[in-house]
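I have placed the structure first, in the form of structure tokens, so that the comments after it can refer back to it.
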Amino acid sequence: MNYKDLPQVDKILNLSRFKNAIKAILSKFAREILSEQRELLKAEKTCLNADEIIEKIAHKYEKFQKQELSKVINATGVVMHTNLARSVIDEEILARAKDSICAYSTLEYDLNSGKRSNRYDYVGTLLASLFECEDAIVVNNNASAVFLVLNTFAKGGETIVSRGELVEIGGSFRVPSVMQSSGTKLCEVGTTNKTHFYDYENAINDDTKMLLKVHRSNFALVGFSQSVDIQAISDLAKKRNLIAYYDLGSGYVGELGYNLGKDEPNIAKIMQSGVNLLSFSGDKLFGSVQAGIILGKKELIAKIRSNQLLRMLRVDKITLALLCETAKAYLNKEFSLITTPNLINKSLAELEKMANLINSKLNRPLRVIKTSSFVGGGSLPNKSYPSLALKVDGNAIKNEEIFRANRIIGRIENDAFLLDLRSILQGDIAELIQKINQIQE
Ligand SMILES: *Cc1c(COP(=O)(O)O)cnc(C)c1O
């Protein structure tokens, strides 16, 4: 191998195998790999031949391309899979939002007066109506909602939280750290397993600004345990002239014809406790885009609106357009447009129908087995849902890899690779059938 035998970048870029590649990226990778080879030649070490060099570039490019945000089929059974983008936006919701995204819009313009308006007014009215509260505002995600609420109302003072609720969610959200960075002092009360009403009562002092309740979201406290419900916390806050705030995390809309968290009240019910502020994620059980939705009394939401930090955490027109369409679908009772709760509530009979349909079109039908799946996304911990799965015969680890290479993400259970039907979208069935047939050829 000689310097002059190294393949030229231009020639590499023109190879037919790279015809769909982003040339700027491919060229960068080619230069990097060629320069490594030149260094090897210079040091009189063995270097790769031309074919091997091209293979290496192709491999690097493929690895890069797989990092692209792109569609997969979720056959994990986990409906709100944090790594697979949590909630799915229905195509009809997207279609309805499209006009205001692909054109100039009234984001901050009032058609009534021809003057400037506020981007939060319309969505605020929709959400306030849906959740039967005075007002609402939307920020980037629920983590920012928590940060903003604490910063607006408890900065420089103390916030009381139960030790049983100092949770970590998804690695980067830890209640104590968020509290610290918001500027409030954490006042922990109770013990890991038990917090009593008197713990809150006794901890209140002149510096106390807020009583915070955090939904445990991704774990459950069972056995010898006790916590104080939002009603009691809200009553205490009212009596002592403090703010009660509930970081609900997920939460669901009571409007739906079914009851998702049988042990948990819906959001409108929780608001009836008199809690001053409540926040939750737009893309968990609510089933819309990433956002943090804050509900509360009008004067408190007004204070949040005037916090300078809101500008840093604000949502753009794409988020607002999609969120408004979801809220409108709830208000108009078009529940079929809200994917997440629909998947969670699919009956076993519906899943069985789906399994039979898939099997009727597979060249080699798969065994249908009973299993159970979790909702995921930090919601309804410990609550597993009965589900059905297609079991793929053979080595589970190999199968997982093969299906993953085909963008089908399943799960391994008891040494078998499963395609859990609970999280598979109706619109993905045809593609799934075609791919399974191809894999099993
Ligand atoms: C999920 C969750 C958060 C974080 O919400 P994001 O929308 O992911 O930022 C905060 N608090 C609780 C209790 C949660 O469940």
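Because only heavy atoms are used, hydrogens play no part in the values below, and waters and symmetry mates are left out as well, while side chains stay in. Numbering of ligands and ligand atoms starts at 1, following listing order.
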Quick check on contacts: which atoms of ligand 1 are under 4.0 angstrom from a heavy atom of [X]?
X: Ser217; result: 12 (C), 13 (C), 14 (C), 15 (O)
X: Ala143; result: 4 (C), 5 (O), 6 (P), 9 (O)
X: Lys284; result: 1 (C), 2 (C), 3 (C), 14 (C), 15 (O)
X: Phe173; result: 10 (C), 11 (N)
X: Gly249; result: 12 (C), 13 (C), 14 (C), 15 (O)

query: Judged by atom type as modelled, is there a donor-acceptor pair below 3.5 Å linking the side chain of Arg422 to the main-chain atoms of Pro386?
result: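 Present.
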
- prompt: If only atom types and distance count, is the side chain of Gln231 paired as donor or acceptor with the main-chain N or O of Ser273 below 3.5 Å?
  reply: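 Between the backbone of Ser273 and the side chain of Gln231 there is a qualifying donor-acceptor contact (under 3.5 Å).
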
message: Under 4.0 Å, counting heavy atoms only: does Val146 come that close to any atom of ligand 1?
response: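 It does not; every heavy atom stays at 4.0 Å or beyond.
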
- prompt: Under a heavy-atom criterion of less than 4.0 Å, does Arg86 contact ligand 1?
  reply: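 The answer is yes, since Arg86 has a heavy atom less than 4.0 Å from ligand 1.
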
- request: Quick one: list whatever passes side-chain hydrogen bond (donor to acceptor under 3.5 Å, both in side chains) with Asn112, sequence neighbours left out.
  value: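 Checked Asn112 against side-chain hydrogen bond (donor to acceptor under 3.5 Å, both in side chains); matches are Asp110.
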
- prompt: Can you name the side-chain hydrogen bond (donor to acceptor under 3.5 Å, both in side chains) partners of Asn74, sequence neighbours left out?
  reply: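 Scan of Asn74 (side-chain hydrogen bond (donor to acceptor under 3.5 Å, both in side chains), adjacent residues dropped) gives Thr76, Ser423.
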
- prompt: Salt bridge check: are Arg367 and Asp393 linked by an N-O gap of less than 4.0 Å?
  reply: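 Answer for the salt bridge query: no.
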
field: Enclosure of Lys209 NZ (heavy-atom neighbours >12, cutoff 6.0 Å)
entry: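 Atom NZ in Lys209 is not crowded, with 12 or fewer foreign heavy atoms closer than 6.0 Å.
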
- request: Kindly give the heavy-atom pair with the smallest separation between Glu158 and Thr184, and that separation in Å.
  value: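 Smallest interatomic distance, heavy atoms only, reads C-OG1, 3.8 Å.
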
- prompt: N/O to N/O below 3.5 Å, does that happen between His215 and ligand 1?
  reply: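 For ligand 1, there is no N or O atom that lies under 3.5 Å from one belonging to His215.
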
Closest to atom 10 (C) of ligand 1 (judged by heavy-atom distance), picking from Leu248, Asn142, Val214: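 That would be Asn142.
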
